[in-house]
Number of protein chains: 2
Amino acid sequence: MHNKYNNEAKVFVAVDCIIFGFDPNAEELKILLIKRNFEPEKGNWSLMGGFMEPGETLKEAANRVLNTLTGLENIFLEQLKTFSIVDRDPAERTISVAYFALINVVDFKDELYRDFSATWFKISEKPKLIFDHNDMVTLAMERLRFKASVEPIGFELLPAKFTMRQLQMLYEEIFEEKYDKRNFSKKVNSFGLLKRLDEKDKSSSKKGSFLYEFDMEKYKKRSNGFQIRHQIMN
Amino acid sequence: MHNKYNNEAKVFVAVDCIIFGFDPNAEELKILLIKRNFEPEKGNWSLMGGFMEPGETLKEAANRVLNTLTGLENIFLEQLKTFSIVDRDPAERTISVAYFALINVVDFKDELYRDFSATWFKISEKPKLIFDHNDMVTLAMERLRFKASVEPIGFELLPAKFTMRQLQMLYEEIFEEKYDKRNFSKKVNSFGLLKRLDEKDKSSSKKGSFLYEFDMEKYKKRSNGFQIRHQIMN
DNA sequence: CCAAAAGTGTTTGTACTACACCCATGT
DNA sequence: ACATGGGTGTAGTACAAACACTTTTGG
């Protein structure tokens, strides 16, 4: 029989999710936070999380946690980093694997997450969070910027049909920077991943603005997505 | 007293290190592998790893593991990803946090890692590894490319003084691509982070080639390192 | 008819690519 | 004197940045 690592210590392993959403009407980037409902730190603002169970992987745990909160499946989910300061959780030695998730706010309904006192916060207006969750959010924000500069992840945060203005607002929120709308649309169109529909959205102007769709097929076909290797050294 | 998470399961947590080194004489990029000396998979090629101990963080564990193998301190070390497939280790449920490390091969001496039957392998010639260590190496390689395209990490892999040719060879190894030496030196000089010394290295040619140093001061001063946010969307 | 947002082109500068010859020196 | 690697410049092209006016239509 195998040596069973009897001299080693086991620890608790949790997952915590940094859930980003973009409200295309308010044109604001937000994160979803909950009021923690057990000790320690009961009642304080926290990321949505949970413990990894014996029969599941970390990603499965994160998916389960997200599904519990939002009812959504197939959410864009990516492992961010594992946090392991010894006394980060004062109750027990617990390491936590942070996942960041991108969801389309419009997709789901308040009822689902009312149980958790879940609330959307503008990034700049988020309350202080428990443990090292503040660091997790900071890191997730960096990662979001990073990914957005390298992959077309904006579409995960938008409804299936969106206007050019909404897309631009989203990127302006992510990078906290303003862009020239002529240059912006030139750029995003140059990727060839946007389909302009014949439909217009008339909710925001009298003239109405064209709706666009992301061309997922074309993106998948582009082998391995965008190449990043040439960006600095070539 | 706090609720102690009594209903939750604990697991073993390991760290595994993907150690990259560049041999400036052979002009080859390599990884350091060991022959595992305990069950399961005893005797097979493996990354250097170990269990996280109760009083240490993951990074401290990785540093300890690296120090045990190489005797080096202050190694460039970055958390890569946590691997958690349920039966990845057939002996016990164990998740493993992969770290990738960049070291300057010249710095240290064979004696230190002889105990572990440690050997440097060219990436393309590495043997099959245990568990999911092959995936870890693949991911580390991607991350190395990525980082190299965005930050001047090449200097972690080179001796303090290096020639332009060595620097170019390193990048050619990382990206598996050849560059024009005129364009290459123009580019790296344009960053303004290289100091050309008055010294020459005469080991590789009669004329001798200038030695360079990385200007760490200047790099640190550049707020937040290089900006990546403008690369795609601006 | 006018307010409010949508849509669209040109010019200028900068950065990347491709490419070939002379230099210094140890043997 | 010559073989070997070291070192350098230019021209063409592609991409990014700055910038302003016309269109549509609901009220």
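So that the names make sense, note that chain A is the first sequence line, chain B the second, and so on, each numbered from 1.
One cannot find a donor-acceptor pair under 3.5 Å joining the base of C:dT14 and the side-chain atoms of B:Lys186.
At a threshold of 4.0 angstrom between heavy atoms, the contacts of A:Lys181 include nucleobase atoms, whether or not backbone atoms are also involved.
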TODO: Starting from the C-alpha separation in whole Å, work towards a yes-or-no answer on ring-ring contact (aromatic ring centres under 6.0 Å, His included) for B:Phe146 and A:Phe146.
DONE: CA-CA 11 Å; B:Phe146 196 83; A:Phe146 196 83; 4.6 Å; yes
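In summary, the side chains of B:Thr163 and B:Ser209 do not present any donor paired with an acceptor at a separation below 3.5 Å, with no hydrogens or angles considered. A:Lys126 and A:Asn134 form a side-chain donor-acceptor contact under 3.5 Å, judged by distance and modelled atom types alone.
Contact annotation: A:Arg182 side-chain N/O to D:dA16 OP1/OP2 distance is not under 4.0 Å. Here B:Arg165 does not reach the OP1 or OP2 of D:dT4: none of its side-chain N or O atoms lies under 4.0 Å away. Remark: A:Lys202 is in phosphate contact with D:dG26, judged by side-chain N or O atoms under 4.0 Å from OP1 or OP2.
Taking atom CG of A:Asp180 as the reference point, atom C1' of D:dA20 lies 10 Å away to the nearest angstrom. If you measure from atom CG of B:Asn189 to atom P of C:dA15, you get 15 Å, rounded to the nearest angstrom. One can place CG of B:Leu211 at 9 Å from P of D:dG7, the figure rounded to the nearest angstrom. To the nearest angstrom, P of D:dG7 lies 6 Å from NZ of B:Lys200. A:Phe210 has its CZ atom 11 Å from the C1' atom of D:dT24, to the nearest Å. Look at CZ on B:Phe184: it is 17 Å from C1' on C:dA18, rounded to the nearest Å. Atom C1' of nucleotide C:dA15 and atom CG of B:Asn183 are separated by 11 Å, given to the nearest angstrom. Counting to the nearest Å, the C1' atom of D:dG6 and the CD atom of B:Gln168 are 12 Å from each other.
No side-chain donor-acceptor contact under 3.5 Å links B:Asn67 to the backbone of B:Asn63.
Cation-pi geometry between A:Lys200 and A:Phe210 is satisfied (NZ or CZ under 6.0 Å from the ring centre, within 45° of the ring normal).
Take the nearest nucleotide of DNA chain D for B:Lys207 and for A:Lys206: the residue whose nucleotide is more 5' is B:Lys207.
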